[in-house]
Amino acid sequence: MIVFCEDCGQKNSITADHLVQNQARFTCTVCLYENIQSLVTPTRPPSADIKSTLSLFYQQLYSNPNILGSIIYHIRDGLINHQMPDSLNKEDLILLAQTATRCMSLGNETGDDIVEAEFSLPRHAILVFYICDQIYFILVTRGCEIPADPTGRDFHDFFTSYLGQIKTLFKNANTHP
Amino acid sequence: MTHDFSNLAGCIGFLNLSKDGEVMSTNLTNTPPLDRMAFEWCKHSDHFGGTPVRFSRFTMKDRHVYVFKHKDCWTALVFNRLLEPAETDQLCDQLSVD
């Protein structure tokens with residue numbers, strides 16, 4: 001499992017031995033800071049601007065019947081927002097998001113950051129998009145392929161155009177909270 | 001296990017990895033760090049919450065790395081374009097028989 005040091009931000013790899021009562025307890029390999037990080041964290045509410053843009057985005061996104069749900073996830077802070085079926089509880093969502101984002105952080109050592117990942121399962125596809133500053137957007141589809149939009153729009157064009165706006169809003173929110 | 005990927009449009013290269021992460025065959029000249037990355041991806045994206053993954057894709061700026069699982073080894077294919085669903089289906093069928 002990949003976790004980030006709260007003090008210096010360095011990526012650290014930990015094992016099950018470091019997990020104690022829903023907390024990751026580890027010493028950063030670089031700055032030696034003693035980290036105690038909760039694995040189940042409160043949801044951070046989005047700002048008004050982000051909420052408004054997301055609302056419009058979700059409205060168009062979910063007009064596609066092949067979209068099952070989505071999650072906005074921060075590596076350290078946990079769930080920011082989600083539109084997933086009620087059958088999944090918060091711990092399930094966090095586990096899903098952790099699994100989905102873990103592989104993307106593994107590619108950073110090349111300097112060519114991974115901006116998008118896809119996991120094709122027998123009944124679903126899980127798409128992961130990097131937004132900024134450890135924030136990821138996770139999309140779950142019905143069926144194992146990226147869905148074609150019934151209106152004929154190219155799904156990637158539609159999605160990346162909104163993703164650009166969402167990235168800008170999140171970056172601004174982080175700079176001027 | 002031998003496959004010819006040269007007929008796949010946009011295929012830059014391939015990398016066959018053993019279950020231990022050893023490079024069994026490749027036509028890539030700059031294998032590291034792709035072999036290490038691919039091995040990590042293979043290990044971590046093999047199953048998703050207990051569900052086996054058909055394939056996984058990791059997209060960088062201009063490269064798309066597709067990872068397919070065999071019985072006990074993996075193949076990573078590097079493309080300069082996104083594959084169509086029919087193409088990934090075909091690769092899943094083709095590679096899963098090994």
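By convention in this document, chain letters (A, B, ...) are assigned in the order of the sequence lines, proteins followed by strands, and residues within each chain are numbered from 1. Below, all heavy atoms of this structure are taken into account, side chains as well, without hydrogens, waters or symmetry copies. Here the structure is a predicted model, which means the values were calculated and not measured.
Linking Ile, Leu, Val, Met, Phe, Trp and Tyr residues whenever their side-chain heavy atoms come within less than 4.5 Å leaves A:Leu95 and A:Leu139 in two separate clusters. Note on A:Val115: it does not cluster hydrophobically with A:Ile71, by side-chain heavy-atom contacts below 4.5 Å among ILVMFWY residues. The same ILVMFWY cluster, assembled from side-chain heavy atoms under 4.5 Å apart, contains both A:Leu79 and A:Leu88. Linking Ile, Leu, Val, Met, Phe, Trp and Tyr residues whenever their side-chain heavy atoms come within less than 4.5 Å places B:Phe58 and B:Ile12 in a single cluster. No single ILVMFWY cluster, assembled from side-chain heavy atoms under 4.5 Å apart, contains both A:Phe26 and A:Tyr33.
Here the OH atom belonging to A:Tyr130 is positioned 16.0 Å from the OG1 atom belonging to B:Thr59, to the nearest 0.5 angstrom. Between B:Arg57 atom CZ and A:Phe119 atom CZ the span is 10.0 Å, to the nearest 0.5 Å. Separating the CZ atom in B:Arg63 from the CD1 atom in A:Ile114 is a distance of 10.0 Å, to the nearest 0.5 Å.
If you measure heavy-atom distances from B:Asp62 to chain A, you find no contacts under 4.5 Å at all. Both the backbone and the side chain of A:Ala100 come within less than 4.5 Å of a heavy atom in chain B. Proximity to chain B (any heavy atom under 4.5 Å) is restricted, for A:Ile126, to the side chain, taken from C-beta onward. At a 4.5 Å heavy-atom cutoff, the contact between A:Leu121 and chain B is made by backbone and side-chain atoms alike.
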Exercise for review: Take A:Glu116 and B:His64 through the side-chain contact (heavy atoms from CB on, under 4.5 Å) test and state the conclusion after the steps.
Suggested key: CA-CA 9 Å; A:Glu116 186 180 322; B:His64 309 273; over 6 Å; no
Review point. Can A:Glu118 and B:Leu82 be said to form a side-chain contact (heavy atoms from CB on, under 4.5 Å), step by step?
Key: CA-CA 11 Å; A:Glu118 175 185 355; B:Leu82 283 171; 5.6 Å; no
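Within the 4.5 Å cutoff, the side chain of B:Thr51 has heavy atoms near those of the A:Pro122 side chain.
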